[in-house]
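Presented below is the structure to which this report refers.
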Amino acid sequence: MGISRVEVYLDQAQSEPAVGVRLLDKGATLEELLAAWQPLCDDPGIYKQFAEGNHSSCRACRVNCCLTAYVIPDLVAFKRMVALSSSSYEEFVATCCDPEKVKLGLLRIKPNPCLFLQEKLCSIYPSRALICRFYLCARLQGKTEDFIYRITWTGIAATQIFAEKNGLLPPPPGGGFTSLDRLFLDMIARHRQGPWVDYFLTAQDYRDIPLAPFWDDQGA
């Protein structure tokens, strides 16, 4: 491999160290960011709020956020999950998504615990959603947090658009939403109107999604 075009670092200049990202080359892709981000999960040197002793790898975590996480996959992950299940999109939604949330117009993966959690390990780890890949119970530098959120929510919004176009969701009801449901719907509505959603709608893989448009928008 060549020189990395994305750098993930620990910002020590703040009162509490925070994880930061630097885009070293405007040609960098989301795949490269994910490769740079992954080592953070198993880095015991980073302070993690819920980790044992606040310093352990996510792999060894006993809290296991996967038990109750509210996961709607980004579009690349959604297509990967469907392919792994060897089913159609309709069959995947019927068997792998929470039926009560589907009625509300949300493709939440079945929780409590996550459908794909087996013996406290993710059975689809290489294909897990961005919302899972980027989650760290660690402090993120402000611009980095905005950057990561923008990418993740745009990917989720792309899934929503794809699902609507392909008849995978019923018309939304007038009520029955929890506060968390409404948060997800609000975030999806906000990001589906953004100028970046087409990157996810046309991508075959994360390598097809450029980082520069998401980065430049925040004035970094």
Side-chain angles (χ1 to χ4, degrees), residues 8 16 18-19 33-34 37-87 89 91-140 144-145 148-149 151-160 163 168-169 176-188 191 206:
V8 176
E16 296 180 23
V19 175
L33 174 59
L34 292 172
W37 192 270
Q38 177 60 33
L40 298 175
C41 298
D42 292 317
D43 185 349
I46 296 174
Y47 180 91
K48 297 175 182 175
Q49 182 178 358
F50 302 118
E52 185 175 5
N54 299 124
H55 291 279
S56 68
S57 72
C58 297
R59 190 188 305 266
C61 183
R62 297 181 181 180
V63 175
N64 211 323
C65 302
C66 309
L67 291 171
T68 58
Y70 199 125
V71 176
I72 297 178
D74 58 278
L75 188 53
V76 172
F78 178 70
K79 291 179 177 178
R80 284 183 175 183
M81 291 176 185
V82 173
L84 283 173
S85 69
S86 299
S87 61
Y89 291 118
E91 290 169 337
F92 180 86
V93 170
T95 59
C96 298
C97 295
D98 183 338
E100 295 306 313
K101 299 307 179 187
V102 172
K103 291 177 184 177
L104 299 177
L106 291 163
L107 292 181
R108 182 187 185 184
I109 300 300
K110 288 182 177 178
N112 304 319
C114 174
L115 176 73
F116 298 112
L117 198 65
Q118 297 181 3
E119 297 181 358
K120 294 192 175 182
L121 291 174
C122 178
S123 62
I124 59 164
Y125 197 72
S127 300
R128 69 198 188 283
L130 289 179
I131 199 169
C132 303
R133 287 174 181 266
F134 282 131
Y135 177 73
L136 284 174
C137 55
R139 189 166 180 267
L140 302 184
T144 293
E145 185 172 38
I148 295 301
Y149 276 21
I151 294 171
T152 302
W153 282 106
T154 299
I156 292 172
T159 301
Q160 188 80 5
L168 302 177
L169 290 170
F177 302 101
T178 67
S179 58
L180 202 52
D181 296 334
R182 292 192 180 280
L183 170 63
F184 268 69
L185 288 168
D186 288 347
M187 293 296 285
I188 289 170
H191 287 81
Y206 293 125

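This one's a predicted model, so the numbers in the text were calculated from it and none came from an experiment.
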Under the 3.5 angstrom rule, does the side chain of D98 hit a backbone N or O of I109 as a donor-acceptor pair?
no
Go through the steps to decide whether H191 and I156 satisfy the test side chain to side chain contact (heavy atoms under 4.5 Å, CB included), and finish with yes or no.
CA-CA 9 Å; H191 287 81; I156 292 172; over 6 Å; no
Residue list, ring pair (Phe, Tyr, Trp, His ring centres under 6.0 Å) with F116, at least two apart or on another chain:
none
Roughly how far, to the nearest 0.5 Å, is CG of D43 from SG of C58?
9.5 Å
CG on L185 to CG on L180, rounded to 0.5 Å
10.0 Å
Do the ring centers of F78 and Y89 come within less than 6.0 Å of each other?
yes
Ignoring hydrogens and angles, tell me if any N or O in the side chain of T152 forms a donor-acceptor pair with the backbone of Y149 under 3.5 Å.
no
Side chain to side chain contact (heavy atoms under 4.5 Å, CB included) for I148 and L33? Distances and angles first, verdict last.
CA-CA 10 Å; I148 295 301; L33 174 59; 4.0 Å; yes
Taken to the nearest 0.5 Å, the spacing of E145 CD from R139 CZ works out to 9.0 Å
Is any side-chain heavy atom of F92 closer than 4.5 Å to a side-chain heavy atom of M81?
yes
CG on L104 to CG on L169, rounded to 0.5 Å
10.5 Å
Are the aromatic ring centres of W37 and Y135 under 6.0 angstrom apart?
no
Heavy-atom closest pair (K48 atom, L40 atom, distance to 0.1 Å) is NZ-O, 3.0 Å
Nearest heavy-atom contact between H55 and P44 is ND1-O, 2.9 Å
Taking every non-hydrogen atom, the tightest pair across A51 and C137
N-SG, 4.2 Å
Rounded to the nearest 0.5 Å, what's the gap from CZ on F184 to CG on L107? Could you check?
12.0 Å
Given 3.5 Å as the limit, does a donor-acceptor pair link the side chain of Q160 with the main chain of G105, or not?
yes
Shortest non-hydrogen contact between L117 and C122, atoms and distance:
CD1-N, 4.0 Å
For residues 120-130, the side chain to side chain donor-acceptor pair (under 3.5 Å) pairs (sequence neighbours left out) are Q38-Y125, Q38-R128, Y125-R128
Which atom pairs, donor and acceptor, lie under 3.5 Å between side-chain atoms of residues 67-76 and protein residues at least two apart or in another chain?
unit_1, atom_1, unit_2, atom_2, d
Y70, OH, D181, OD1, 2.6
D74, OD1, L130, N, 2.8
D74, OD1, Y206, OH, 3.3
D74, OD2, V76, N, 3.4
D74, OD2, A77, N, 3.1
D74, OD2, Y206, OH, 2.8

To the nearest 0.5 Å, tell me how far Q118 CD sits from I124 CD1.
10.0 Å
Note: C41 and R133 closest approach over all heavy atoms is SG-O, 4.5 Å
